[in-house]
Amino acid sequence: NAGVTQTPKFQVLKTGQSMTLQCAQDMNHNSMYWYRQDPGMGLRLIYYSASEGTTDKGEVPNGYNVSRLNKREFSLRLESAAPSQTSVYFCASSEEAGQFEKLFFGSGTQLSVL
Amino acid sequence: AQTVTQSQPEMSVQEAETVTLSCTYDTSENNYYLFWYKQPPSRQMILVIRQEAYKQQNATENRFSVNFQKAAKSFSLKISDSQLGDTAMYFCAFMRAGGTSYGKLTFGQGTILTVHP
C-alpha cells in the first residue's frame, strides 16, 4: 500500500517563483490536510479539505492556495514563493469527519526558497 | 486557541532503560484527543499512541504508555525497555473533538530522544 504520496521530495525555488506540491492518497479517505514544519517547531496546519469539493483555511494559510482535484488528490500551490516559506511540507489524510480519526502522513517535501 | 508545550528540547537514555517525555497543554475544551507522534530521521510521522480525554484509563501500546492528568493538563509519554530504533523526534499533539475539528492537530515543539547503546 502506497498510503499518502507526496511529490516532489525536494525542491529549491527562487523568490517569486511559483510551484505546486502534489499529494495523493489511495486509502479512499475523505479528509486531507497540508501542514508545514519549521525548525524548532511542531507542524502547523495550512489548509484542509474535509471532503471532496471543500477546502478551508487552517492556522497559517497566507501565501498558499489549495485544490482538491478529486477524492484522491489535494495540491498546495505557492503563487509567489518567499524565503519565509522555506519549510518541510506534509500532506495527510484521514477517515470521514465526524468519526474519530487517525491521520496518515506522507513523507514530506523539503522546500527551500532562496 | 489551544497550545501544546514540550519543555524538554532533548533527552537521552541508555538502551533497555525507561524514559519519560513531558507534555502540557492548554485548552478550554472538555472533549478532545491527545497524541504522541514519532518522527525518525526518515521524516515520516508515525502515530505512537493516542488518548481520548473522556477516558480515565491511561492508554498503552506495547512499550509505550501515557500518564494522562486531565485536571493538570498533562500528558507524558513513558517508553520502557528503550531500543535504538526509538531514537527520533517526538511530538505531542492535541485535537478538539467534534464537528470539523477532526484532523486539525496542534503540535508541541518536539523532543529529540537519543537512545545510546
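Just so it is clear, the values below take in all heavy atoms, side chains as well, and ignore hydrogens, waters and symmetry mates. Keep in mind the model is a prediction, meaning the values are calculated, not measured. Throughout, protein chains are lettered first and strands after them, A, B, ... in sequence-line order, and every chain is numbered starting at 1.
- Residues of residues 74-82 of chain B never come within less than 4.5 angstrom of chain A, heavy atom to heavy atom.
- Looking at A:Y35, the atoms closer than 4.5 Å to chain B (heavy atoms on both sides) all sit in the side chain, from C-beta outward.
- At a threshold of 4.5 Å between side-chain heavy atoms, the hydrophobic network of Ile, Leu, Val, Met, Phe, Trp and Tyr places A:F104 and A:L45 in two separate groups.
- Counting all heavy atoms, side chain and backbone alike, A:F105 lies closest to B:L105 at CZ-CD1, 4.3 Å.
- B:F107 and B:V66 fall into different hydrophobic clusters, defined by Ile, Leu, Val, Met, Phe, Trp and Tyr side-chain heavy atoms under 4.5 Å apart, directly or through other members.
- A search for side chain to side chain contact (heavy atoms under 4.5 Å, CB included) contacts involving B:I112 returns B:E10, B:M89, B:T114, not counting sequence neighbours.
- Residue contact with chain A, scored on non-hydrogen atoms closer than 4.5 Å, is absent for B:Q6.
- Each of B:Y33 and B:V4 belongs to its own hydrophobic cluster when Ile, Leu, Val, Met, Phe, Trp and Tyr are linked at side-chain heavy-atom distances under 4.5 angstrom.
- Linking Ile, Leu, Val, Met, Phe, Trp and Tyr whenever their side-chain heavy atoms come within less than 4.5 Å puts B:W36 and B:V115 in one cluster.
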*Should B:T106 and A:R44 be marked as a side-chain contact (heavy atoms from CB on, under 4.5 Å) after you check the CA-CA gap, both sets of side-chain angles, and the distance that decides it?*
CA-CA 7 Å; B:T106 300; A:R44 291 182 293 169; over 6 Å; no

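- Within a 6.0 Å sphere centred on CG of A:N70, heavy atoms belonging to other residues, nucleotides or ligands number more than 12.
- Taking hydrophobic clusters as Ile, Leu, Val, Met, Phe, Trp and Tyr residues chained together by side-chain heavy-atom distances below 4.5 Å, A:L21 does not share a cluster with A:F10.
- A:F90 and B:R43 get closest at one heavy-atom pair: CE2-O, 3.3 Å.
- Heavy atoms only, all atoms of each residue included: A:Q37 and B:F91 are closest at NE2-CZ, 3.1 Å.
- Expressed to the nearest 0.5 Å, how far CD of B:Q39 lies from CG of A:L43 amounts to 7.0 Å.
- Among all heavy-atom pairs drawn from B:Y37 and A:L103, the shortest one is OH-CB, 3.7 Å.
- Contact record, A:G106 with B:Q44: O-NE2, 3.8 Å, taken as the closest heavy-atom pair.
- Between the OG atom in A:S31 and the NZ atom in B:K104 there is a gap of 11.0 Å [rounded to 0.5 Å].
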